[in-house]
Amino acid sequence: MCDSCGCDSSSDPVTISKPGSHFHGHGHPHDHSHDHDHVHVQSRTVRVEQDVLAHNQAISEKNRAYFAEHGIFAMNLVSSPGSGKTTLLEKTITDLKHEVLMSVIEGDQQTARDADRIDATGVPVVQVNTGSGCHLDGTMIANAIAKLEPEDRSVLFIENVGNLVCPALFDLGESAKVVIISVTEGEDKPEKYPYMFRAARLCLINKIDLLPHLDFDVAACREFAARVNPELEFIEVSARTGEGMGQWYAWLKSRLPVDGHAG
């Protein structure tokens, strides 16, 4: 995992900020070893990964308890870069913000561009910049919650860093992972990145308005995903044209806590 891709580097610190402000958090839990023992490297790597994941799980359980106590339905939106995740989120917020209380945690390595786009919709948002990190973790979410202060009985969208590998391994305390794949990608992504599709509850197949111009095989994509997760649900959408978005909204609303709708 992260020891392979180098995202545990401490040279670029994690920051958490609201649009127009600057806030510096210190939340990356990764261990950093400089022991050059080449005899037990494999066993030591496994132990470090276990320690990192165990620490993350403990923090994420506290996040989950917080969400449960406050009636917050938290969704972890995961995808590869370029799937249209932020556009889909903007469309969802614009269409539902008068019915549903919502807030957003944005995750990217650098820049606050996505947070600025969400801020323009009028819902509360904080940006988590992970520096060299390729995923959000439980501590980052705990710090972001303290900054965001999401309302009770609301929906919290967590837009993870664009990456189909590490975000699958890190529980954030969310109620569900929603994986987004676009028809501009290969339909075999579920087989190439099975951990992500195995961890997700719902798969949104986005940009279906482009299907007449592409060779993407929707049925094959569903079949590949179902092989790794037979329980996975699917909804085909276009955030640009709105096609299929009603089904996505119905799925989301069906999971709202009782009295979770905005007045």
Side-chain angles (χ1 to χ4, degrees), residues 13-19 21-31 50-78 85 89 92-93 96-97 99-108 112 114-115 118-119 121-131 133-161 166-179 196 199-202 251-263:
V14 174
T15 63
I16 300 174
S17 62
K18 289 184 175 180
S21 65
H22 300 279
F23 173 81
H24 296 280
H26 303 280
H28 211 281
H30 292 174
D31 293 342
Q50 289 174 338
D51 289 347
V52 168
L53 293 176
H55 176 77
N56 180 77
Q57 193 64 37
I59 301 298
S60 294
E61 290 301 334
K62 292 181 180 179
N63 293 343
R64 199 180 331 276
Y66 174 88
F67 294 145
E69 180 183 354
H70 293 270
I72 296 170
F73 183 68
M75 277 183 288
N76 184 0
L77 305 181
V78 291
K85 193 159 71 263
L89 190 51
T92 301
I93 291 169
L96 297 184
K97 66 182 180 182
E99 303 177 57
V100 180
L101 292 170
M102 294 177 283
S103 58
V104 180
I105 296 172
E106 282 287 345
D108 271 313
D114 288 351
I118 299 302
D119 187 52
T121 69
V123 305
V125 56
V126 297
Q127 177 77 51
V128 179
N129 288 126
T130 59
C134 59
H135 61 273
L136 297 173
D137 63 30
T139 303
M140 295 177 197
I141 297 304
N143 291 338
I145 292 169
K147 186 71 173 176
L148 183 62
E149 297 181 333
E151 294 200 50
D152 290 359
R153 316 199 72 75
S154 65
V155 172
L156 173 64
F157 294 104
I158 303 169
E159 185 176 353
N160 217 312
V161 178
C166 288
L169 302 176
F170 282 79
D171 181 14
L172 305 179
E174 73 272 23
S175 302
K177 281 184 174 67
V178 176
V179 62
M196 180 59 76
R201 184 188 301 184
L202 173 67
W251 186 95
L252 189 158
K253 290 178 182 178
S254 72
R255 283 150 179 84
L256 288 172
V258 177
D259 299 328
H261 294 69

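All heavy atoms count here, side chains included; hydrogens, waters and symmetry mates do not. Residues: numbered from 1 along the sequence shown.
- Nearest heavy-atom pair, Leu53 versus Phe170, reported as atom, atom and distance to 0.1 Å: CD2-CZ, 4.0 Å.
- Between His55 and Ile59 the shortest side-chain heavy-atom distance falls below 4.5 Å.
- Across all their heavy atoms, Met140 and Val128 have their closest contact at SD-CG1, 4.0 Å.
- Listed by chain and number, the residues in a side chain to side chain donor-acceptor pair (under 3.5 Å) with Glu159 are Thr86 (sequence neighbours excluded).
- Two residues are said to be in side-chain contact when any heavy atoms from C-beta on lie closer than 4.5 Å; Pro19 and Val125 meet this criterion.
- One N or O on the side chain of Asp171 and one on the backbone of Gly173 form a donor-acceptor pair closer than 3.5 Å.
- Not a single ring-ring contact (aromatic ring centres under 6.0 Å, His included) links Phe73 to another residue, sequence neighbours left out.
- Residues satisfying the salt bridge (Lys or Arg N to Asp or Glu O under 4.0 Å) test with Asp119, not counting sequence neighbours, are none.
- Listed for the Arg64 side chain is a donor-acceptor partner under 3.5 Å among the backbone atoms of Glu174.
- In this structure, Leu156 and Leu148 have side chains that are in contact, with non-hydrogen atoms separated by less than 4.5 Å.
- Here the closest non-hydrogen pair linking Arg201 and Ser175 is NH2-O, 2.9 Å.
- The shortest side-chain heavy-atom distance between Asn143 and Val14 does not fall under the 4.5 Å cut-off.
- Scanning both residues, Phe67 and Leu172, for their nearest heavy atoms gives CE1-O, 4.4 Å.
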task: Take Val104 and Ile93 through the side-chain contact (heavy atoms from CB on, under 4.5 Å) test and state the conclusion after the steps.
output: CA-CA 10 Å; Val104 180; Ile93 291 169; 3.8 Å; yes

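- Checking Asn56 against Asp137 by side-chain atom types alone, no donor-acceptor pair falls below 3.5 Å.
- Under the 4.5 Å side-chain criterion, counting only non-hydrogen atoms from C-beta, Val123 is not in contact with Ser103.
- Looking at every heavy atom in both residues, Ala168 comes nearest to Ala199 through O-CB, 4.2 Å.
- Side-chain atoms of Arg255 and Met75, non-hydrogen and from C-beta on, never get closer than 4.5 Å to each other.
- Between the Lys97 side chain and the Gly122 main chain, no donor and acceptor come within less than 3.5 Å of each other.
- In this structure a side-chain-to-backbone donor-acceptor pair under 3.5 Å is present from Asn160 to Leu136.
- Using a 4.5 Å heavy-atom threshold, the side chains of Gln127 and Asp108 count as touching.
- Minimum heavy-atom separation, Ile105 to Ala144: CD1-CB, 3.7 Å.
- Between Phe157 and Leu252 there is a side-chain heavy-atom pair separated by less than 4.5 Å.
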